[in-house]
Amino acid sequence: MTVSRQDLERHLEKLVARVKDPEAGLFGPGSMLWEVNKEAAVFLGGGRAALLQTAHPFIAHAVDQHSKTKTNPAGRFQRTFANIFSMVFGPLDTALKSSRRVHALHQTIIGKITENVGAFREGSPYEANNEEALLWVHATLWDTSMQVYERVFRKLSADEKDRYYEETKLFAYLFGIPDSILPPNWNEFMEYNEKMWNSEILTVGKPALELSHFLLSAPKPALEPVMAWYRVMTAGLLPERIRHQYRLPYGRAEERIFDASIRTARLGVRALPVRFRYLPAYVDAHRRLAGRSGPDRIGRVIDWFVLTTLKGERAAA
């Protein structure tokens, strides 16, 4: 099924009715989504989420055929996370605007799969607003955030995980994902993820493999040691079947690097000043709620550094 604009608006009405403080947005202080996703360290799982998404042929072919990822990675990064952050940390009206903007963009993303891959045959049509594809992208974000958070910070209780998952359903409404296909609780959500990891629906084809090589390569030679390390971290976070399909090595040496890096991260984040631990969007949200005008200057420097690093030598590609 495809999410129509009418479907989306029905979900947005349901979402608005559940928001208590429009200025705080969908979640706000005290929410589990802010507690987990305020941490910049959660970005350690960015490669995992991206590769899980493109392991779905609908998504891999859509990105390959409609995205400028290969020529403008910084631009795509900026647009993607501007929308996600406005939905998670912005006021309600900003989240709704982002929702409608993303849905309108998705309406233009249609095409056909160009290979026989997993459960799909060459010529199979795809749409970015397909309910099941939207659910899969949604799932990769919140499962990955939890995977990284629990490794680096602390294990969450069953009650905290259920609260976290209930909050993610509000995010799902921003994409028109219906309750009928959303797993009802955290345990069943994880069962859905594990089922997908082992299903032929997720099968790495040619576009997905090409995208992985691009996404995990260094934007400039000086950054190759960093990206080599990040490839190890991404491999360690991926389910084994998907890791093998992406041809990411993960033997005893890589496992030792992964384990040592997680131990270092646990110690490192506690030594960092709080301001450098938290995402600029989270800090800006607290500034907004405190009535402080203007963006956080330190956050703008961090954003500039990330985007400049991403541009590297690829901007001229």
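Being a predicted model, the structure only gives us computed values, none of them experimental.
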Asks: Could you tell me whether the side chain of Thr114 reaches within less than 4.5 Å of the side chain of Asp64, counting heavy atoms only?
Replies: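 No, every pair of side-chain atoms sits at 4.5 Å or beyond.
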Asks: Under 3.5 Å, is there a donor-acceptor pair between the side chain of Glu167 and the main chain of Met32?
Replies: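 Yes; judged by distance alone, with no hydrogens or angles, the pair exists.
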Asks: Aromatic contact between His56 and Phe120, with the criterion being ring centroids under 6.0 Å apart: yes or no?
Replies: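 Yes; Phe120 has its ring centre under 6.0 Å from that of His56.
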Asks: Quick one: does Arg287's side chain have a donor or acceptor within less than 3.5 Å of a partner on Arg292's backbone?
Replies: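 No; judged by distance alone, with no hydrogens or angles, the pair does not exist.
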Asks: Test your reading of the model: is there a side-chain donor-acceptor pair from Glu115 to the backbone of Lys206, 3.5 Å cut-off?
Replies: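 It does hold such a pair.
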Asks: Please, which pairs that meet salt bridge (charged side-chain N to carboxylate O under 4.0 Å, His left out) have at least one residue in residues 138-154, sequence neighbours excluded?
Replies: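 Residue pairs passing salt bridge (charged side-chain N to carboxylate O under 4.0 Å, His left out), neighbours aside: Arg48-Asp143, Glu150-Lys161, Arg154-Glu160.
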Asks: Between the main-chain N or O of Gly47 and the side-chain N or O of Tyr230, is there a donor-acceptor pair closer than 3.5 Å?
Replies: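 Yes, because the side chain of Tyr230 sits within donor-acceptor range (under 3.5 Å) of the backbone of Gly47.
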Asks: How about Asp7 and Met1: do any of their side-chain heavy atoms sit closer than 4.5 Å?
Replies: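 When only atoms from C-beta onward are counted, Met1 and Asp7 do not touch, as no gap falls below 4.5 Å.
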Asks: Determine yes or no for a side-chain-to-main-chain donor-acceptor pair under 3.5 angstrom, with Arg241 supplying the side chain and Ser199 the backbone.
Replies: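 Looks like yes, one N/O pair under 3.5 Å.
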Asks: Mind checking whether Gln53 and Val63 have side chains closer than 4.5 Å, heavy atoms only?
Replies: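 Gln53 vs Val63: side chains apart.
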Asks: Salt bridge or not between Arg256 and Asp259? Use side-chain N to carboxylate O under 4.0 Å.
Replies: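 Answer for the salt bridge query: no.
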Asks: Is there a donor-acceptor pair under 3.5 Å between the side chain of Ser98 and the backbone N or O of Ala95?
Replies: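 Between the backbone of Ala95 and the side chain of Ser98 there is no qualifying donor-acceptor contact (under 3.5 Å).
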Asks: Could you tell me if the side chain of Asn129 sits less than 4.5 Å from the side chain of Leu8, heavy atoms only?
Replies: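 Result no, sub-4.5 Å side-chain heavy-atom pair not found.
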Asks: Would you say Tyr164 and Asn37 make side-chain contact, with heavy atoms under 4.5 Å?
Replies: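 A side-chain contact exists here, since the closest heavy-atom pair is under 4.5 Å.
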Asks: Kindly indicate whether the side chain of Glu39, heavy atoms from C-beta on, has any atom under 4.5 Å from the side chain of Val269.
Replies: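 No. Closest side-chain heavy atoms not under 4.5 Å.
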Asks: Can you check whether Ser212 reaches Arg247 side chain to side chain, under 4.5 Å on heavy atoms?
Replies: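 SC-SC contact between Ser212 and Arg247 ruled out.
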Asks: Using the ring pair (Phe, Tyr, Trp, His ring centres under 6.0 Å) criterion, which residues pair with His244? Sequence neighbours excluded.
Replies: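 Result, ring pair (Phe, Tyr, Trp, His ring centres under 6.0 Å) vs His244: none returned.
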Asks: Between the main-chain N or O of Glu240 and the side-chain N or O of Trp197, is there a donor-acceptor pair closer than 3.5 Å?
Replies: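 No: the side chain of Trp197 does not pair with the backbone of Glu240.
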Asks: Counting the benzene-type ring for Trp, do Trp142 and Phe171 have ring centres under 6.0 Å apart?
Replies: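 Yes.
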Asks: Taking atom NZ of Lys14 as the centre, does the number of heavy atoms from other residues, nucleotides or ligands within less than 6.0 Å exceed 12?
Replies: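 For Lys14, atom NZ is crowded (more than 12 foreign heavy atoms under 6.0 Å).
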Asks: Got a donor-acceptor contact below 3.5 angstrom from the Arg270 side chain to the Phe153 backbone?
Replies: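 Checking the backbone N and O of Phe153 against the side chain of Arg270, a donor-acceptor pair under 3.5 Å is found.
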Asks: Salt-bridge test for Glu166 and Lys169: reply yes if a basic N is under 4.0 Å from a carboxylate O, no otherwise.
Replies: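 A salt bridge links Glu166 with Lys169.
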Asks: Under 4.0 Å between a side-chain nitrogen and a carboxylate oxygen: does that hold for Arg5 and Glu9?
Replies: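 Yes.
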Asks: For the backbone of Ala62 and the side chain of His66, can you confirm whether one donor and one acceptor N or O come within less than 3.5 Å of each other?
Replies: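 Side chain of His66 to backbone of Ala62, a donor-acceptor pair under 3.5 Å: no, none is there.
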Asks: Within the structure provided, determine whether Glu132 and Phe58 are in side-chain contact (heavy-atom separation under 4.5 Å).
Replies: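 Side chain of Glu132 against side chain of Phe58, heavy atoms only: no contact under 4.5 Å found.
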